[in-house]
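Letters A, B, ... are given to chains in the order of the sequence lines, protein chains preceding strands, and every chain is numbered from 1. As a basis for the values below, the full set of heavy atoms in this structure was taken, side chains included, without hydrogen atoms, waters or symmetry mates.
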Amino acid sequence: MSSVSSPTWLYGAIQRRRNRGLGGLYLVVAAFLVLYVVLFPGILSVGGFSKFTQNWFPLALVTMAQALLMLNGGITLAIGPLVSLGAVIAATTMESVFGVPGGIVAVAFTGLAIGAVIGAIVAHLRLPAIIVTLAGSFIITGVALILLPRPGGFIPDWLSNTLAGHTPVAFLLLVVVLLLWKAFLATPLGLGIYAAGDNPVGAFRSGVRVERAKIAAFALSGLLTALAGLFVAAQTGSGDPVIGAPFTLNSIAAAVLGGVGFLGGKGTMRGAICGSLLLSVMINVMFFLGFPPVAQYLAQGLIIVGAVAVPELLKSWRARR
Amino acid sequence: MTDQKPLLEARQVFKGFFGNPVLKGVDIALHPGRVHALLGENGAGKSTLINLLSGALQPDSGTIAVDGRPVGRFSPAAARAAGIAVVQQELSLTADLSIAENIGLGAFPRRFGLIDYAELHRGVRDVCGMVGLTEPLDMPVADLALGRRQMVEIAKALYRKPRVLILDEPTSSLSAHEAGILADVIETLRDRGTALLYISHRLNEVQALCSHVTVLKDGGVTADQSLSGIDGEGLVRLMVGRETGDLFPPRATANPGALRIGAEGFSAGLVRDIAFRGHAGEIVGIGGLVGQGQEDLLLGLYGAIPAKAAKAEVSGRPGLPADVGAANAAGLVYVPADRKHEGLVLPHSIASNLILPSLGRLARNGFRDRTAEGGLIADLARRLTIKGDVARPVQALSGGNQQKVALAKWLPLDPSVLLLNDPTRGVDIETKREIYLMLRGFAAEGRLVIIASSDTPELVHLCDRVVVLREGAVAAELSGEAISEEAIVGAAMGVDRKGAAA
């Protein structure tokens, strides 16, 4: 007898199973949030919550972008440059006759197109994603510097105030993005990205179009990254051709903190989101407590290694007992 | 029965890889309501033919025809649309997805572009009922044992409601009980008019299930005929052109020498508190259903997983080897079942794989001694009848020959105990015979051979003593005349002699 008795429950049961193994992460995130609230009670006001989520939002987006590719068995080193390019394009197009909507479309299209091109190269020429995206990161940085050699450009004040003002719009946007991801994962293409990451040959033989899944993964990843750039531009009120640089490694760090594996098909998006939240809280706490930058980097590195090592140590400790 | 049109045909298909012809003008026709056996030694082209029939590869020339009509460009998706499903030898599952999602993968029912989970559940429940999968459908495949994953693979093929079902070595990781369920499923499908193609190295299964056989040898068809009136020996003759009588070398009179491995209260992984011993000159078999601790027993003795014993002696020294290095020093070597991942470095040459364990010993003043290496390689290749150029990458060899390399590389260390994990899985009969002869030879030289196997006849005819594990405990220890398929299978399944399924 199956323990899933009613057909309508299967989806829910599968969703609950995906929390498996994430209990520890949820606890750690909750503990850090409690610590944060104790240290900075201001987060409990609307303004404080808004600011906090605005700091987290771009990292959450790029972590999703990175996790999406890691689940598909890839990785991207072009996150930072693509964030910068998104910011630059936002800051240079919003003055045109098409205004802000035109700028948003331009940023979204750029992200999708660059992602799709990288994906097509990786999928059809069968080149390693880490090399193609490394090359891509140089090219994208170059393009951003050509478009806007020094920080500047134009972002309307009302857009900055809407996205990065005293209202939790960024948080609401994140909720929308997560709901869209849930819907996407309930499509054959969404699950195909998972399957193609874990067992590409098996997925191909099952009738999954592995190449198409890979290109879709890169395109969506590019879209999320470029939109993160747009948000960063709104936050800072201008475009900056190198502002995205820290995001590349932070996105990988957050995904790894969230339990996403490097070999594809392993991990969950909810884990990656928690990882980005954890990283964001950690960075904030250390910043506000006045840690010198050296200590911040050191602590960040140690925590990431610990996050990967602790579950493994626990596993072998349990096995030995 | 055979008046009907074939559902799926290959007509004079040719296929080669990198200039090596693998299929040279092969014909095969799958008729509805018939179980068709495809036999051939490893490297005869069976896998390639399956890949052509299922659209995973395109023929260089010749045609694939569905319902008598040639199809142009055939892809896995097109094959599925034509009602062709394949149970692959290598699993096509995604570990982190649930059983249900794996079964539906590539053929999801949709509603508004989303996967229709309610509909998926209905369909999956039906096929899981057919194959006896009782695990919760939301369970990730990663949590299942290998044999259960194979059943998911079979359910996945059935979910596609195939008109043509191709089964490539479906029972190699199944327990006898699961294989019995599969046999029932096959008979049900046959009676419903499905065309089945069955590939197996287990001839008793072929005889029990199939009514027609195509035999491949070196990329050509050597027989395409009804199976009625052909016994097991006849089948082997069709494949290798030789009597089967000498598949297993004659058993030497059991004359065990000194104690090489003795353990009491031994626990490792699934294995809990068993007694185990082995003497020089013995071949000890470890049998049982899939995943009852056979591998853990070997790995525990080898020091590769944590193990403990109340009392133990290995190669005259008290205690278990603490790690793999200590085990090697005590004369133990281990040949894993998963030769592709654990046993060999696939892209490297046969030669470098052969000398890998000996590199340290052959070095002179810290540098490699090419002359000594060359001599060793030539000697090993000759002793193991590895044919052809040893500079070829190991992955170019057939499964059976890869296994020979995985075995051979340990011989220069002159091991006193060989731990072998299913050494003949997916190996063709000719190579099996060679491996059996080798193992007999090792025992005659005074080595202890411990062999875990899922192939019951192998345990019966090769081993001097057989330990049957069930749920990590010893269910039976048989020796001499007491070793029989019935006794092994019965003990493995936890039943008395009567009612044991072969």
Side-chain angles (χ1 to χ4, degrees), chain A residues 1-18 20-21 71-73 182-210 212-213 259-261 263-268 271 316-321, chain B residues 51 54-56 75-81 85-86 88 90-110 112-125 128-129 133-143 153 156-157 160 269 305-306 308:
Chain A
M1 269 306 293
S2 163
S3 71
V4 187
S5 45
S6 156
T8 51
W9 287 4
L10 179 62
Y11 181 72
I14 290 171
Q15 293 306 311
R16 280 195 299 280
R17 284 265 187 188
R18 295 228 165 103
R20 198 180 58 123
L71 290 175
N72 189 232
K182 283 249 84 90
F184 176 66
L185 201 57
T187 64
L189 181 62
L191 278 187
I193 286 178
Y194 250 97
D198 185 48
N199 186 347
V201 174
F204 169 71
R205 286 176 176 164
S206 308
V208 175
R209 295 190 200 163
V210 174
R212 207 176 65 167
V260 178
L263 296 176
K266 301 273 179 292
T268 52
S316 60
W317 178 69
R318 274 193 207 116
R320 222 173 294 140
R321 285 210 316 160
Chain B
N51 282 333
S54 60
S75 68
R80 179 167 71 76
V86 187
Q88 300 283 356
E90 291 113 30
L91 297 176
S92 70
L93 305 177
T94 301
D96 260 19
L97 294 184
S98 64
I99 293 176
E101 287 165 320
N102 266 293
I103 289 175
L105 189 69
F108 284 121
R110 297 173 196 214
F112 313 122
L114 301 181
I115 297 166
D116 186 344
Y117 273 89
E119 178 64 34
L120 176 68
H121 191 184
R122 276 190 288 277
V124 167
R125 211 167 28 178
C128 285
L133 266 174
T134 50
E135 284 82 353
L137 299 180
D138 56 315
M139 182 187 264
V141 167
D143 292 356
E153 190 77 37
K156 180 173 173 175
R160 287 135 211 266
I305 60 172
K308 60 177 195 285

Enquirer: Against chain A, work out which of B:Arg110, B:Arg80, B:Lys308 has the most heavy-atom pairs shorter than 4.5 Å and name it.
Expert: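 Highest number of heavy-atom pairs under 4.5 Å: B:Arg110.
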
Enquirer: Could you tell me which of B:Gly269, B:Pro306, B:Ser54, B:Pro140 has the largest number of non-hydrogen atom pairs under 4.5 Å with chain A?
Expert: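 Top option by heavy-atom pairs under 4.5 Å: B:Pro140.
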
Enquirer: When you look at CZ of A:Arg205, are more than 12 heavy atoms from neighbouring residues, nucleotides or ligands closer to it than 6.0 Å?
Expert: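 Yes - once you tally the heavy atoms of other residues, nucleotides and ligands closer than 6.0 Å, there are more than 12.
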
Enquirer: Report which part of B:Leu93 has an atom under 4.5 Å of a heavy atom belonging to chain A: side chain, backbone, both, or neither.
Expert: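 Looking at B:Leu93, just its backbone touches chain A.
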
Enquirer: At a heavy-atom separation under 4.5 Å, does A:Phe204 approach chain B through its side chain, its backbone, both, or neither?
Expert: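 Both the backbone and the side chain of A:Phe204 come within 4.5 Å of chain B.
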
Enquirer: What's the shortest heavy-atom distance between B:Leu105 and A:Ala195, and which atoms?
Expert: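 In this case the closest contact between B:Leu105 and A:Ala195 is CD2-CB, 3.4 Å.
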
Enquirer: Looking only at heavy atoms and a cut-off of under 4.5 Å, which of A:Ala196, A:Ala186, A:Gly192 has the most pairs with chain B?
Expert: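 Top option by heavy-atom pairs under 4.5 Å: A:Ala186.
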
Enquirer: Can you tell me which portion of B:Asn51 sits under 4.5 Å from chain A's heavy atoms? Options are side chain, backbone, both or neither.
Expert: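 The side chain, not the backbone.
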
Enquirer: Restricting to non-hydrogen atoms, name the atom on B:Ser92 and the atom on A:Gly202 that form the minimum distance, rounded to 0.1 Å.
Expert: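 B:Ser92 and A:Gly202 have their closest heavy atoms at CB-CA, 3.4 Å.
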
Enquirer: Between chain B and each of A:Gly197, A:Gly190, A:Pro188, A:Gly207, count heavy-atom pairs under 4.5 Å; write down the option with the most.
Expert: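 Highest number of pairs under 4.5 Å: A:Pro188.
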
Enquirer: Looking only at heavy atoms, what is the nearest atom pair of A:Tyr194 and B:Thr94, with distance?
Expert: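 Where A:Tyr194 meets B:Thr94 most closely, the heavy atoms are O-CG2, 4.1 Å.
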
Enquirer: Which value, rounded to the nearest 0.5 Å, describes the distance between A:Leu10 atom CG and B:Asp116 atom CG?
Expert: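 A:Leu10 atom CG to B:Asp116 atom CG measures 10.5 Å (nearest 0.5 Å).
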
Enquirer: Please look at B:Ala95 and chain A and tell me whether the side chain, the backbone, both or neither of the residue comes under 4.5 angstrom of a heavy atom of that chain.
Expert: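 Contact with chain A: backbone and side chain both.
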
Enquirer: Using side chain to side chain contact (heavy atoms under 4.5 Å, CB included), reason through B:Lys156 and A:Ser206 one step at a time and then give a plain yes or no.
Expert: CA-CA 9 Å; B:Lys156 180 173 173 175; A:Ser206 308; 2.7 Å; yes

Enquirer: Please lay out, stage by stage, how A:Leu191 and B:Leu97 fare under the test side chain to side chain contact (heavy atoms under 4.5 Å, CB included).
Expert: CA-CA 8 Å; A:Leu191 278 187; B:Leu97 294 184; 3.7 Å; yes

Enquirer: If I take atom CD1 from residue B:Ile115 and atom OH from residue A:Tyr11, how far apart are they, to the nearest 0.5 angstrom?
Expert: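 It comes to 9.0 Å.
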
Enquirer: Is any side-chain N of the basic residue among B:Glu101 and A:Arg18 closer than 4.0 Å to the acidic one's carboxylate O?
Expert: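 Salt bridge flag = yes for A:Arg18 with B:Glu101.
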
Enquirer: Sort out for me which residue in B:Leu137, B:Ile99, B:Asp138 forms a side-chain contact (heavy atoms from CB on, under 4.5 Å) with A:Ile14.
Expert: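 Looking at B:Leu137, B:Ile99, B:Asp138, the match for A:Ile14 under the side-chain contact (heavy atoms from CB on, under 4.5 Å) is B:Asp138.
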
